[in-house]
Amino acid sequence: MIGRSCFLLSLLQAVVSGQWSADTPPDVTAQNGLCARIPCHYRYPSNLNNKPWTGIWYNSEKNKEDSVAFHSGNSSLESTTFQHRTRLSGILRDNDCSLVIDNITLQDAGPYFFRVDFGGGNRFNYHPVTRLSVTDFTDKPTIFPAEMVAGQPVTVTCIFNTTCDGTAPTLTWVTPADEPTSASHSVTQRGDTLTYTSVLSLTPVLKHHGQNLTCRVRYPTVSSEQILTMTVQYAPQNLSTTSPDKVNNSWVSVKEGNSAAILCSVQSFPASNLTWRYLSVALNTTRSSNELWMEFPQLTQQDAGVYQCVAENEHGTAERNVTLTVEYAPRNLSITSHNGANSSRVNVKEGNSAAILCSVQSFPASNLTWRHLGVTLNTTRSSNELWMEFPQLTRQDAGVYQCVAENEHGTAERDVTLTVEYAPEISQESGCSRILESVTCVCAARCNPPGELTWRLPLAHLSGNQSHGRFHTWQVAGGHLVNGTLTLRRGEEGEDVTALCLVRNRHGEAMLTVLMEVNGRDRTGKYVVAVIVLTVVLGVVTVSVITTAIFWAARCRNKRESSVMQRMEQKVEDGPVESPYQELNVGDRDLYSELQLRSK
């Protein structure tokens, strides 16, 4: 580089011979490929002002013809290595003898001195010489960065300063290949300094963030460049959530009791403020960072839910939800039924349909199985609900059923008792027998739920363990069977008695009508008087009585026999009677006695 004027002044060397003198620096340094300028101001006797003169620069210690670097009068006298590369930056008549050498090479280094010739022997060599040193080209342009926001146009300026006014450098830009650009160029001078300026216009986008923008200065033989890494500001993008546990960017699954950590990360410039939220409540926040962890030391089922990560900077906002699921073994297994049920028993009427639901809480969903007597009935996989259905229940369906729920973390099971309910049915074990001084009738009925058994007598209704006059009742119930006994103690006198056994539950009722004969022959024997079984009536509101009289029908087909039985049954149905012979004439009584003798 050419030394500054203050430095030159300190190194002025005057070569005095009368009034001959010059100011030149002892040393000048130039960079390879640029230009070199050797400042020079000279003085000479004033009497030569009107004389023509010639200025000559030599690249040597002495004035040798083959070392002429510049000749103001005849450029052909210049050495071939300097032709068309040298010139004076000033005007000799104004005492400015400064030399400029363009496109400096390493071979240009060496001593230089100025000589003036006015003719007629008036010439002078200005010494001492100035030594020119040539170094590698190191000057670089300067890029002034500008704030870049994705999608917004921006201008970027590059300048290059030099003191050489010789060959002008060229400024060019190297930008991302897909970015259309335009640039304007200008040159300004301030003192000895020339400033070359190039202004680039471009619209950066997100993908340019981190890419290089290059300004290059070029001379005929050398070049240099300056690189700017583009920092493109943009709103938060590509927000993601990750975790060491099971994750697919939208949910994280962790076993109950374990710890968990979820990382929220985002791309943005400048860095975003990150926040974790749950149920609209901020859990934790970090400022000016593109990463934020959310940690759970020990997970419980209450921690499960949807969490939201929000990233925000001055250019915009991004957010993402992640579902945290807590895995656990089956729990809270329950049994329900549309027929009405609690957790352990289901009651359904025979003939109806039934559906029992087994449900459980677990994650992941459990495999459910219904079992009965150790046999698998039906199974479903990866579901927390399983129905067991009965299109039409029978008594054989009653029993204990087991629901088993199982997933990879454990097992749960629960029993349910299915009870089949039905209306009372009179058992074949029912009947009467006479032993010595008493008549005993047994009324046995099966039903579910257990029924209420009542003996209806002409003058009283008895149930349980009761006594009324000569009558005594005794009752035993167990399971679905209720057994009632009615005993009539025989006296000296008395009439035969018609008794009605009525068994009733919420699904209906059944009746047995018996004739207790107290005046028969003295013998011990078992007999059946009459059995009237009334069919089960749906509900307890309406009872339809269908009476069938069976008195050894194969033998006795007489119309009068039929008339007697029908009239007796009607009296039972309408109300209590004092005697089986009430409403019967003499002929009817004879027939009835005959039937009783046959039955014995």
Review point. Would you say the side-chain atoms of N161 and T195 include a donor-acceptor pair closer than 3.5 Å?
Key: yes
Review point. Are Y58 and F113 an aromatic pair by the rule of ring centers under 6.0 Å?
Key: yes
Review point. Using a distance-only test with no angle check, is there a side-chain donor-acceptor pair under 3.5 angstrom linking D139 and S224?
Key: no
Point to revise | More than 12 heavy atoms from other groups under 6.0 Å of CD on Q189 | key: yes
Point to revise | Between S76 and N74: side-chain donor-acceptor atoms closer than 3.5 Å | key: yes
Point to revise | Test log, rule ring-ring contact (aromatic ring centres under 6.0 Å, His included), inputs Y42 and F114 | key: CA-CA 9 Å; Y42 71 103; F114 179 65; 5.4 Å; yes
**Study point:** Pairing residues for Y307 by the ring-ring contact (aromatic ring centres under 6.0 Å, His included) criterion, not counting sequence neighbours
**Key:** Y278, F296
**Study point:** N-O pairing of E61 and R131 below 4.0 Å
**Key:** yes
Practice item. For the residue pair Y44 and F118, categorise the inter-ring angle as parallel (less than 30°), tilted (30 to 60°) or perpendicular (more than 60°). Key: tilted
Point to revise | Donor-acceptor side-chain pairing of S89 and D96 below 3.5 angstrom | key: no
Review point. So, Q31 versus T138: side-chain donor-acceptor pair below 3.5 Å or not?
Key: yes
**Study point:** side-chain hydrogen bond (donor to acceptor under 3.5 Å, both in side chains) contacts touching residues 143-158 (sequence neighbours left out)
**Key:** E147-Q233
